[in-house]
Amino acid sequence: MADALLSARGISVRFGGLVAVDDVSLDVSERELIGLIGPNGAGKTTFFHVLSGVLRPTAGRLTVRGRDLTGRPPHAFARHGVARTFQTPRVFREMTAATNVRFGLEFAGRRRRHPHDAFDDARSILAFLNLADAADVPAGALTPARQRLLEIGMALATRPDVLLLDEVAAGLTERELESTADLIRRARDELGVAVLWIEHAVGALLGVVDRVIVLHQGDKIADGPPATVARDPAVLEAYLGREGGTP
């Protein structure tokens with residue numbers, strides 16, 4: 001797609017004889033909110049590693065705003081507007097929450113101009129995340145749920161165009177999940193960020209995203225509106241081993 005922020009074409013990842021991702025293509029456009037789902041072992045996180053420069057693809061091409069970044073390291077993706085979180089939050093535990101966010105501002109954010117440049121200091125980002133009270137608290141002293149929010153803040157501090165979220169709802173209570181989903185919508189609506197979100201809590205994700213992509217055994221088996229994908233026989237088969245029910 002010519003106007004895609006992030007475009008992946010024919011991405012494959014092989015580890016010896018194991019094919020983890022097989023010829024998967026994807027376009028992420030401005031302000032899209034996309035869910036990426038699939039059973040355990042589907043290749044979701046491996047695909048995310050490729051999209052963020054953590055892992056070099058065996059085959060395929062990655063572009064960000066038309067610039068070829070295939071095989072480039074993570075900091076190159078960050079500087080060109082792609083930020084991500086991880087399944088297990090990666091925060092600097094001994095540093096305060098505010099210092100963690102300042103790291104994101106210095107790492108890539110200061111090199112980028114963006115429509116939300118007013119969002120340019122650690123405390124305003126923490127306030128957006130409802131973490132203002134934690135600014136001077138060591139990250140390691142925060143609950144796991146708040147560490148997840150802090151990691152999102154570190155990613156937002158780089159002023160991304162595309163935000164990749166890897167299972168940010170893991171271990172959250174229902175109330176925390178609702179709050180996190182609301183935050184993700186606000187990042188899209190208020191900051192203009194496109195979001196690609198992996199999640200095992202499929203029911204919650206389907207109620208938030210505009211579009212759903214499904215991976216199964218490394219293949220992309222569905223891509224469309226949530227209601228359509230939830231009824232797709234191939235998706236039901238992948239999740240349940242039979243046709244019927246819901247993912």
Side-chain angles (χ1 to χ4, degrees), residues 33-40 42 44-49 51-52 54 74 78 82-109 116 118-160 162-191 193-209 247:
L33 181 44
I34 305 171
L36 180 61
I37 66 173
N40 288 334
K44 304 183 297 297
T45 294
T46 299
F47 188 50
F48 250 39
H49 285 340
L51 294 181
S52 56
V54 173
V82 179
R84 70 163 294 177
T85 67
F86 292 82
Q87 287 183 17
T88 301
R90 298 188 180 185
V91 298
F92 299 103
R93 297 179 60 83
E94 303 303 318
M95 296 181 182
T96 66
T99 303
N100 270 267
V101 174
R102 288 191 195 103
F103 178 82
L105 286 166
E106 289 298 312
F107 177 66
H116 62 270
F119 200 56
D120 62 358
D121 67 86
R123 291 183 184 270
S124 66
I125 293 171
L126 290 171
F128 180 82
L129 299 165
N130 294 318
L131 288 177
D133 62 315
D136 299 317
V137 177
L142 300 177
T143 65
R146 300 195 101 197
Q147 286 185 26
R148 289 186 183 281
L149 291 177
L150 177 59
E151 191 185 31
I152 293 174
M154 294 169 70
L156 289 175
T158 69
R159 296 192 179 104
V162 182
L163 179 61
L164 309 177
L165 301 175
D166 194 350
E167 295 193 29
V168 292
L172 301 186
T173 65
E174 184 174 348
R175 184 173 181 178
E176 289 169 339
L177 177 54
E178 290 173 359
S179 178
T180 299
D182 180 63
L183 173 68
I184 292 167
R185 279 191 294 258
R186 288 175 55 219
R188 188 269 307 273
D189 296 341
E190 298 176 24
L191 304 180
V193 178
V195 179
L196 181 59
W197 177 14
I198 291 177
E199 195 53 68
H200 273 299
V202 174
L205 182 144
L206 293 179
V208 176
V209 300

When Leu165, Val82, Leu51 are each screened for side chain to side chain contact (heavy atoms under 4.5 Å, CB included) with Leu196, the one that passes is Leu51
For the backbone of Asp166 and the side chain of Gln87, can you confirm whether one donor and one acceptor N or O come within less than 3.5 Å of each other?
no
Verify, without hydrogens or angle tests, whether Lys44 (side chain) and Leu36 (backbone) share a donor-acceptor contact under 3.5 angstrom.
no
Spacing of Leu150 atom CG and Thr85 atom OG1 [to the nearest 0.5 Å]
11.5 Å
The reported gap from CG in Leu163 to CG in Leu33 (rounded to nearest 0.5 angstrom) is 10.0 Å
Note, Arg93 side chain near Gln147 side chain (heavy atom, < 4.5 Å)
yes
I'd like to check Asn40 versus His200 (side-chain heavy atoms, cut-off strictly below 4.5 Å). Are they in contact?
yes
Show me the pairs that pass side chain to side chain donor-acceptor pair (under 3.5 Å) and involve residues 174-185, at least two apart or across chains.
Thr173-Glu176
For residues Val168 and Ile184, determine if any side-chain heavy atom of one lies less than 4.5 Å from a side-chain heavy atom of the other.
yes
Phe86 and His49 have their tightest heavy-atom pair at CE2-CE1, 4.4 Å
Looking at Glu199 and Gly35, would you say the former's side chain and the latter's main chain have a donor-acceptor pair under 3.5 Å?
no
What is the minimum heavy-atom distance between Ala170 and Arg148, and which atoms define it?
O-NE, 3.2 Å
Minimum side-chain heavy-atom gap Met154-Phe92 below 4.5 Å
yes
So CG of Asn100 and CZ of Phe103: to nearest 0.5 Å the spacing works out to 9.0 Å
Nearest 0.5 Å, what's the CG-CG distance between Leu129 and Leu156?
6.5 Å
Exercise: identify the closest heavy-atom pair between Asp133 and Arg146
OD1-NH2, 2.8 Å
So, for Arg102 and Ala122, which heavy atoms are closest and what is the spacing to 0.1 Å?
CG-CB, 3.7 Å
Heavy-atom count check: over 12 atoms from other residues, nucleotides or ligands less than 6.0 Å from Arg186 CZ?
yes
Would you say that Leu149 contacts Leu142 through its side chain, given a criterion of any heavy-atom pair below 4.5 Å between the two side chains?
no
Closest non-hydrogen atom pair, Thr158 against Gly104:
CG2-O, 3.6 Å
Using side-chain contact (heavy atoms from CB on, under 4.5 Å), reason through Leu183 and Phe128 one step at a time and then give a plain yes or no.
CA-CA 8 Å; Leu183 173 68; Phe128 180 82; 3.4 Å; yes
Value rounded to 0.5 Å, distance of CD1 in Ile34 from CD1 in Ile198:
12.0 Å
Which atom names give the shortest non-hydrogen contact between Ala83 and Ala155, and what distance separates them?
CB-O, 3.6 Å
